[in-house]
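For reference, the structure discussed in these notes is given below.
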Protein chains: 2
Amino acid sequence: MSSNLKERILQTASELFYRQGIRATGVDAIVKAAGTTKMSLYHYFPSKNDLVLAHLQKTAEIMREKIVDGIAARASEPKARLLAVFDVFGELLASDGFRGCPFINAATESAAEDEPFRLASVDFYLQFRRRLTDLAEEAEARQPELLARQLSLLISGAIVAEQMQRNSGAMRAARDAAEILINRSLDGV
Amino acid sequence: MSSNLKERILQTASELFYRQGIRATGVDAIVKAAGTTKMSLYHYFPSKNDLVLAHLQKTAEIMREKIVDGIAARASEPKARLLAVFDVFGELLASDGFRGCPFINAATESAAEDEPFRLASVDFYLQFRRRLTDLAEEAEARQPELLARQLSLLISGAIVAEQMQRNSGAMRAARDAAEILINRSLDGV
DNA sequence: AATGATACAGACCGGTCGGTATAGTTGCAA
DNA sequence: TTGCAACTATACCGACCGGTCTGTATCATT
């Protein structure tokens, strides 16, 4: 049985990293918010970087789950499932603590090209696009890869737009555009 | 005539802010790279925040110029000018030092909702969308605001996609999608 | 009663942060 | 030649950074 202190530290760190940014969140702040001590934190996570990495991996898992479940709960037909992705994200963008995509943010905060948690972010992004490609193939799109890439552009764009300005209806506009692109790619309309 | 030391400091700071991030760039690093001293820097810019603000304003002006000139150099017909925007950005994304959109990055780095340089970023974003709306109106799009917003989503999305993975052809895919949306909005095809 | 794991308490390290103070140097104009 | 402004040089400030240190309290197992 894994320690729940470790979980609590990771949970607290995740929230702070997402809310304030990774660089902007000091180890002391995490320790204080989690109600523990530095020694305990460094017992479970050898360095801040390891903690960041754990945060990104956990977040990736949660996000994947939310997306998959959200799609399944909304639609079963291939074409409708492609559109459901936008509804899932629309809900995420509308939630209170929304501060943009954790992975885009992390990639932006990491200066160097090869920083470990930059790779984790890229990884999530590629996996997400892969998932969209699968959906596009199931829907028998004419160019599944192209369609998936375009839909992912719309989603990423809407995320950063909403991060700039809340309640701008960005995801709604993205969904409308997606509908056109999907129809065009499926029926040639 | 304004001092060229001030210009040199601002220029140096701009490069470092963009290349390494704003938070990650210390005042000492700027001073050293510009070959001057802290006292001179603080003579022209009362605080690092003022320097950041000046950097964003200058960058915004340069970007606006590049976009306007780039469009004018490529097309004159309203519809072609809408598409030319994507070619302009395509060139920017392909340039060597590309590290994403300075304004998206700045907005991501600013934790608080009301940080001054977050507002500067939002401002540029809104002005850009406004410019797209003007182009869409000139092209007699049926819903100029909606079309402009959707095109801006594609562009923002392509920027962050390219930031995650270089030479991914994101802007090309965005352009293809844009063509479909534009045609649809103009001719009802 | 002794052991070992878990966690807490808090001082401490070298280094960097943004920003300031004081003093010295240059070059140009009256 | 004097004076003044632009600029340099450098030491310094308190605060914070990530990370390590010694030591102690708790508690279940043996």
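Computed from a predicted model, the values in this text were never measured in an experiment. Proteins come first, then strands; the chains are lettered A, B, ... in the order of their sequence lines, and each starts at number 1.
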Problem - Short side-chain to backbone donor-acceptor contact, A:Lys48 and A:Ile22, under 3.5 Å - result: yes

Practice task
Go through D:dT8, D:dG19, C:dG19 for me and flag the one nearest to the B:Lys38 side chain.
Solution key: C:dG19

Problem - Residue from A:Arg74, A:Arg175, A:Arg172 passing salt bridge (charged side-chain N to carboxylate O under 4.0 Å, His left out) with A:Glu91 - result: A:Arg74

Exercise for the section: Please determine which of A:Leu10, A:Leu41, A:Thr36 meets the side-chain contact (heavy atoms from CB on, under 4.5 Å) test together with A:Ile30. Expected result: A:Leu41

Run the side-chain donor-acceptor check on residues 127-137 of chain B: report pairs under 3.5 Å with partners two or more places apart or on a different chain.
| residue | atom | partner | partner atom | Å |
| --- | --- | --- | --- | --- |
| B:Gln127 | OE1 | B:Arg64 | NH1 | 2.9 |
| B:Gln127 | NE2 | B:Asp123 | OD2 | 3.2 |
| B:Thr133 | OG1 | B:Arg129 | O | 2.8 |

Practice task
Report the distance from atom CG of A:Asn4 to atom P of C:dT6, rounded to the nearest whole Å.
Solution key: 12 Å

Practice task
Could you work out which one of D:dG18, C:dC8, C:dG19 sits closest to the side chain of B:Tyr42?
Solution key: C:dG19

Exercise for the section: May I have all residue pairs that pass side-chain hydrogen bond (donor to acceptor under 3.5 Å, both in side chains) and include part of residues 14-23 of chain B, sequence neighbours excluded? Expected result: B:Gln11-B:Glu15, B:Ser14-B:His55, B:Gln20-B:Thr25

Exercise for the section: Mind listing the residues from residues 16-37 of chain B sitting with a heavy atom below 4.0 Å of DNA chain D? Number order is fine. Expected result: B:Gly35, B:Thr36, B:Thr37

Handout entry: Closest nucleotide among C:dA21, C:dG19, D:dC21 to the B:Met39 side chain
Key = C:dA21

Exercise for the section: Grab the CG-P distance between B:Leu41 and C:dG19 for me, whole Å please. Expected result: 10 Å

Handout entry: Sidechain N-carboxylate O distance under 4.0 Å for A:Arg166, A:Glu162
Key = yes

Handout entry: Separation of atom NZ in A:Lys48 from atom P in D:dC17, rounded to whole Å
Key = 8 Å

Fill in the blank from the handout: note: A:Ile9, atom CD1; C:dC8, atom C1'; distance rounded to Å ~ 12 Å

Exercise for the section: Quickly work out the A:Asp50 CG to D:dG18 C1' distance and round it to whole Å. Expected result: 13 Å

